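Here the structure is laid out as structure tokens; the discussion comes afterwards.
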Amino acid sequence: MRRLVPALLLLAVLGACWRKAQSPEPPPSTPKEAPGQSAPERPQDTTAPGAVLFISADLRGYLGPCGCSENMRGGIARAAFQVREAGKGTLPVLYVDGGESLFGSPTLKPEQVPQEERKARALAEVFKDMGLAVRAVSELDNVRGATFRQGLGLPELPTGGVKVLAAGAREVGVVSASDAAGLQRGDAQARAQGAAFVVGLFQGTLPEAQNAVASAGPGVDLVVATHTASEFDGEQNTLTRGAVPVVGLQSKGRSLLRVDLAYGATPGRFTPQRSGQEAEKEVASIERRMALLDTEINLPGVDPQLKALKQQKRAELVERRQALLTAPVATGGDTDTFTVRFVPLESTLPSDPAAEAVVKAYDADVGKMNLEWAREHGQDCPAPAKGEAAFVGNASCAECHEESFPVWKATKHHQSWKTLEEVGKQYHLNCTGCHVTGWERPGGVCRLDKTAGRESVGCESCHGPGSRHAEDPSPNNIVARPGEAVCVTCHNRENSPHFDFATYLPRVLGPGHGASREVK
């Protein structure tokens, strides 16, 4: 028996070894992606007969639209969906950012720093997940300094820099320049490194880019203006056709530029593809119809059922236009060609789930961060100068103007703080100013932890601070009839693009609150 046991053990070991030899090795486990880490790149087909480029610029720190109006465009999660969806095709996809993206203002107040840095990190996380190939560095990217910017780990291109990227059977050059000479130098360098198609990221405004192209042939195949002169420029997508097309993108991440490259049998200079002109006409027709629907949908007091029907029709138009804007272009012709199309990121388009999760995490974090900062470091607003009025709140107004309050309570002004609470943005500094009375005004509210009693758009938001009027009621020490200039401080082109003073004013008037006022 003692001799039998070792023999059986030996047979068991030999059997196990034989089975292992006969079984294939299990595939190596795929490493799990760390949060914020880009997914592994798909091997690129070096014989692909074309490529798709997506270009963004002038995001100004926007993760998404504020949501104050219907059908607001934009959102980094919608942009990520477009890039990822195109990547499901057979052609290589490259994503490039032109800069002016990480921050929205050249300077930040101390209380804005935690929020804006957190937002820049969220943008960087989504950029990486989108497979960002390269991005230009410009002024609004440097607001927190080079060390912060470089710490985001993004592939950077300084002004004057050149990057050549593999794009199937050809290579694409990306040049960052601030004048015509810089575009010419960058083009020469890119082509010397093998680039067949060269994009110029012009560090200036659209008129400046157009002048640079007109003054001297810059050599590049396409120029994208990456700057806007002010926050409310860049409201439209613009394409100037010519020997070198010049593009101005709608700012704040509301549209992407899509460039489809088609490689011909004979490599050579790229020319614009003309076969899509009928599609362009149809897109223009759809956009005109959408603009009319937008105006009707945003009319104050529109019937809810009618509004729902118009929204449904608008969504159908968006889908039709989207199919035209993302349809593959013809490849395999005789020559190299390219097609330029704008992809507006409409509210009804889908979002990428991973990018959406990053944005939601930002939303959850930033309110807590801002509130904590206010409690630890917040400063009260300065007192008004001698002889100037202070904010006193609605309760003081009600003592003499009680008849006005039923009208006010029926307006959206009364609900404006609640609309922030419903989406968890009541402590977002981008939103607070237009949803609190007397925000950052002398004698008003300058701390997020001290908004109690000043929530929503109260009487003094339109009529001005009321302490002097409360002490000595007189039409001379209050803004009795606010004009359009007061309204557009919040109802601006971004937050309220369809605002019309004469149309909207009657919605806030009523018995005891200016109902007899004539609207011209």
Side-chain angles (χ1 to χ4, degrees), residues 54-58 64-75 78-79 81-82 85 206-207 210 224-225 228 232-242 245-260 272-329 339-350 488 491-504:
F54 283 102
I55 302 174
S56 60
D58 203 38
C66 68
C68 295
S69 295
E70 302 280 351
N71 304 322
M72 296 185 80
R73 287 179 179 175
R78 291 178 191 144
F81 181 88
Q82 295 300 314
E85 195 69 10
L206 179 64
Q210 291 167 331
V224 179
T228 46
F232 296 115
D233 286 343
E235 293 299 303
Q236 302 293 330
N237 292 313
T238 306
L239 171 60
T240 304
R241 299 185 188 276
V246 182
V247 168
L249 263 169
Q250 192 176 27
S251 65
K252 300 174 183 175
R254 288 174 285 181
S255 295
L256 280 173
L257 182 70
R258 175 173 172 146
V259 183
D260 290 77
Q273 193 172 113
R274 300 298 182 188
S275 59
Q277 289 181 341
E278 287 304 314
E280 286 182 16
K281 291 178 183 177
E282 188 173 350
V283 166
S285 174
I286 289 172
E287 289 181 341
R288 286 192 292 271
R289 294 170 66 186
M290 286 174 59
L292 289 172
L293 282 171
D294 274 336
T295 302
E296 294 166 357
I297 289 166
N298 281 278
L299 281 173
V302 64
D303 177 78
Q305 289 185 331
L306 179 61
K307 181 176 179 177
L309 288 172
K310 291 182 181 294
Q311 285 282 34
Q312 182 180 348
K313 181 60 181 174
R314 188 186 188 280
E316 292 170 1
L317 291 173
V318 168
E319 192 173 340
R320 281 177 53 191
R321 183 183 64 179
Q322 188 69 8
L324 292 166
L325 294 175
T326 58
V329 303
T339 303
V340 176
R341 293 179 284 187
F342 296 105
V343 182
L345 300 174
E346 300 289 352
S347 59
T348 52
L349 291 178
V488 296
H491 289 281
N492 53 41
R493 284 179 283 173
E494 178 190 347
N495 301 329
S496 192
H498 301 283
F499 177 76
D500 177 76
F501 182 66
T503 303
Y504 278 62

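Computed from a predicted structure; not experimentally measured.
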Notebook entry, point to check: Does the side chain of Ile297 come within less than 4.5 Å of Gln311's, by heavy atoms?
Noted result: yes
Checklist line | Derivation of the side chain to side chain contact (heavy atoms under 4.5 Å, CB included) call for Thr326 and Gln82 | finding: CA-CA 9 Å; Thr326 58; Gln82 295 300 314; 4.0 Å; yes
Notebook entry, point to check: Would you call Glu85 and Arg258 a salt bridge, using N to O less than 4.0 angstrom?
Noted result: no
Item checked: Candidate list Glu346, Glu316, Glu282, test salt bridge (charged side-chain N to carboxylate O under 4.0 Å, His left out), partner Arg321, passing option -> Glu346
Checklist line | Separation between CD of Glu278 and NZ of Lys281, rounded to the nearest 0.5 Å | finding: 4.5 Å
Note to self: Looking at Arg78 and Gly74, would you say the former's side chain and the latter's main chain have a donor-acceptor pair under 3.5 Å?
What the structure shows: yes
Next item on the list: Could you tell me which non-hydrogen atom of Leu349 sits nearest to which non-hydrogen atom of Pro344, and how far apart they are?
Entry: CD1-O, 3.5 Å
Note to self: Taking the side chain as everything from C-beta on, heavy atoms only, tell me whether Val343 gets closer than 4.5 Å to Gln322.
What the structure shows: yes
Margin query: Checking Asn237 against Leu249 for the side chain to side chain contact (heavy atoms under 4.5 Å, CB included) test, could you report, in this order, the C-alpha distance in whole Å, the side-chain angles of both residues, the deciding distance, and whether it holds?
Written below: CA-CA 5 Å; Asn237 292 313; Leu249 263 169; 3.8 Å; yes
Check: Do you know which two heavy atoms are closest between Leu239 and Pro245, and how far apart they sit?
Finding: CD1-CB, 3.9 Å
Item checked: pair Phe501-Val488: side-chain heavy atoms closer than 4.5 Å -> no
Check: Do you know which two heavy atoms are closest between Ser69 and Ser496, and how far apart they sit?
Finding: OG-CA, 3.4 Å
Checklist line | Shortest non-hydrogen contact between Thr503 and Pro300, atoms and distance | finding: CG2-CD, 3.7 Å
Note to self: Is any side-chain heavy atom of Glu70 closer than 4.5 Å to one of Asp294?
What the structure shows: no
Checklist line | Rounded distance (nearest 0.5 Å) linking atom CG of Leu293 with atom CG of Asn71 | finding: 9.0 Å
Next item on the list: Work out which heavy atom in Asp233 is nearest to a heavy atom in Ser251; give both atom names and the distance.
Entry: O-OG, 3.5 Å
Check: Would the number of heavy atoms belonging to other residues, nucleotides or ligands and lying under 6.0 Å from CD of Glu235 be above 12?
Finding: yes
Next item on the list: Check whether any side-chain heavy atom of Lys313 sits under 4.5 Å from a side-chain heavy atom of Arg289, and report yes or no.
Entry: yes
Note to self: If I take atom CZ from residue Arg254 and atom CG from residue Asp58, how far apart are they, to the nearest 0.5 angstrom?
What the structure shows: 9.0 Å
Checklist line | Sub-4.5 Å side-chain heavy-atom contact between Phe342 and Leu256 | finding: no
Checklist line | Approximate separation, where rounding is to 0.5 Å, of Ser255 OG and Leu345 CG | finding: 6.0 Å
Next item on the list: Locate the shortest heavy-atom distance separating Tyr504 from His498; write the atom from each residue and the value.
Entry: CE1-O, 3.8 Å
Note to self: Working to the nearest 0.5 angstrom, can you tell me the gap between Phe499 CZ and Asn298 CG?
What the structure shows: 12.5 Å
Note to self: Looking at Glu296, I want to see if its CD is surrounded by more than 12 non-hydrogen atoms of other residues, nucleotides or ligands under 6.0 Å.
What the structure shows: yes
Notebook entry, point to check: Within a strict 4.5 Å, meaning less than it, do heavy atoms of the Ile55 and Val247 side chains meet?
Noted result: no
Item checked: Arg341 side chain near Val329 side chain, heavy-atom distance below 4.5 Å -> yes
